[in-house]
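These notes are about the structure you will find just below.
Lettering follows sequence order; numbering is per chain, from 1.
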Amino acid sequence: MPFTIATWNINSVRLRMPIVERLLKEHAPDVLCLQETKVPDELFPEKAFRKAGYEHILFHGQKGYHGVATVARRPIELVEKRRFCEIDDSRHLSVRVQAGGGSVLLHNFYVPAGGDEPDPEINRKFRHKLDFVHEMNGVPASQDDASILVGDLNIAPQEHDVWSHKQLLNVVSHTPVETEGFEAMRRAGGWVDLMRLNVPAEQKLYTWWSYRAKDWEASDRGRRLDHVWSSANLVPRFKGYEILKAARGWEKPSDHVPVIARFDLE
DNA sequence: ATGGTGGGTAGCCCA
């Protein structure tokens, strides 16, 4: 029995509860990490998760914006709700979960989108995004602990993580200052990009398709904004993953789709 | 070249 972790930017957990239930029923991940829950903690739909068999629920939410939650079928222990850039946004939650006879430290992140203008001098949201990613250098993969980091990191680091590298070089999410800072942070932290581990660099990978396309599937102008990383010591346990592209076509979809990673940890 | 579509929530913020 593999240990499975799903990550999904849900763009309002309350509005999306029907398709969250569908994911849990059809794929039954052991742990689900949600981003953009857009709900204060006191209004989090705990009952629906319990009813679906996910009785272990931790959240870091706020009213209207951002918000992350980690729910599980097995016990999870709160480690930290970290504050970044000295701003009280709800963008991080780490938990410890028992798996494979040991424990895994699991980070759930929602990195700032960064606004439209890719110039930190005139766009403070872009400045914030760069600063946030830089501050993630303070969240390294532990050398002697099994660590996993998932979430909507809002950056598509490689050429084939976007539908057109050339056309997106000046578009927030794929600018060189973002992708270089992102990859430097990932490597410095000792994190392995599991979604690219066994996939050729020239193969397109997307987890997000804009709401603004007339036909998201036909135009297929996607980006890989959602990520699954682990510490090097977990790589031998990594058994593959799935991008649930079909979820983009579900009723009232999120613009992101779930990614489910499997580990041989039982 | 531009604006396109969503969500939260009260007239705009944000993705």
Checklist outcome for this item: The complete set of salt bridge (Lys or Arg N to Asp or Glu O under 4.0 Å) pairs with one or both residues in residues 201-226 of chain A, sequence neighbours excluded, reads Asp161(A)-Arg224(A), Asp193(A)-Arg224(A), Asp220(A)-Lys245(A)
Next on the checklist: What is the distance, to the nearest angstrom, from the CH2 atom on Trp250(A) to the P atom on dG6(B)?
Outcome noted: 18 Å
Checklist entry - Expressed as a whole number of Å, how far does the C1' atom of dC14(B) sit from that of dA10(B)? => result 15 Å
Checklist outcome for this item: In 5'-to-3' order, the base (B), backbone-only (S) or no-contact (-) status of each nucleotide in nucleotides 9-15 of chain B, using a 4.0 angstrom heavy-atom cut-off, is SS--BSB
Checklist entry - Distance between the P atoms of dC12(B) and dA1(B), in whole angstroms? => result 31 Å
Checklist outcome for this item: So the side chain to side chain donor-acceptor pair (under 3.5 Å) pairs with at least one residue in residues 115-130 of chain A (sequence neighbours excluded) are Arg127(A)-Asp131(A), Lys129(A)-Glu178(A)
Checklist entry - Parallel, tilted or perpendicular: which fits the ring planes of Trp209(A) and Tyr206(A), with parallel below 30° and perpendicular above 60°? => result perpendicular
Next on the checklist: With ring-ring contact (aromatic ring centres under 6.0 Å, His included) as the rule and sequence neighbours excluded, what pairs involving residues 167-187 of chain A come up?
Outcome noted: His165(A)-His174(A), Phe182(A)-His227(A), Phe182(A)-Trp229(A)
Checklist entry - Reckon Arg16(A) touches a base, only the sugar-phosphate, or nothing at all at heavy-atom distances under 4.0 Å? => result sugar-phosphate
Next on the checklist: Between dA15(B) and dT9(B), how far apart are the two C1' atoms, rounded to whole Å?
Outcome noted: 15 Å
Checklist entry - Under the ring-ring contact (aromatic ring centres under 6.0 Å, His included) rule, what pairs show up with a residue in residues 131-160 of chain A, not counting sequence neighbours? => result Phe84(A)-Phe132(A)
Checklist outcome for this item: salt bridge (Lys or Arg N to Asp or Glu O under 4.0 Å) pairs touching residues 141-152 of chain A, sequence neighbours excluded, are Arg96(A)-Asp145(A)
Next on the checklist: Rounding to an integer number of Å, can you tell me how far Ile10(A) CD1 sits from dG6(B) C1'?
Outcome noted: 13 Å
Checklist entry - Nearest-Å distance, CD (Glu217(A)) to C1' (dT5(B))? => result 17 Å
Checklist entry - Once you round it to whole Å, what is the distance between P of dG3(B) and CG of Asp116(A)? => result 12 Å
Checklist outcome for this item: Rounded to whole Å, the NZ-P distance (Lys214(A) to dG3(B)) equals 15 Å
Checklist entry - When rounded to the nearest Å, what value does the distance between P atoms of dG6(B) and dT2(B) take? => result 23 Å
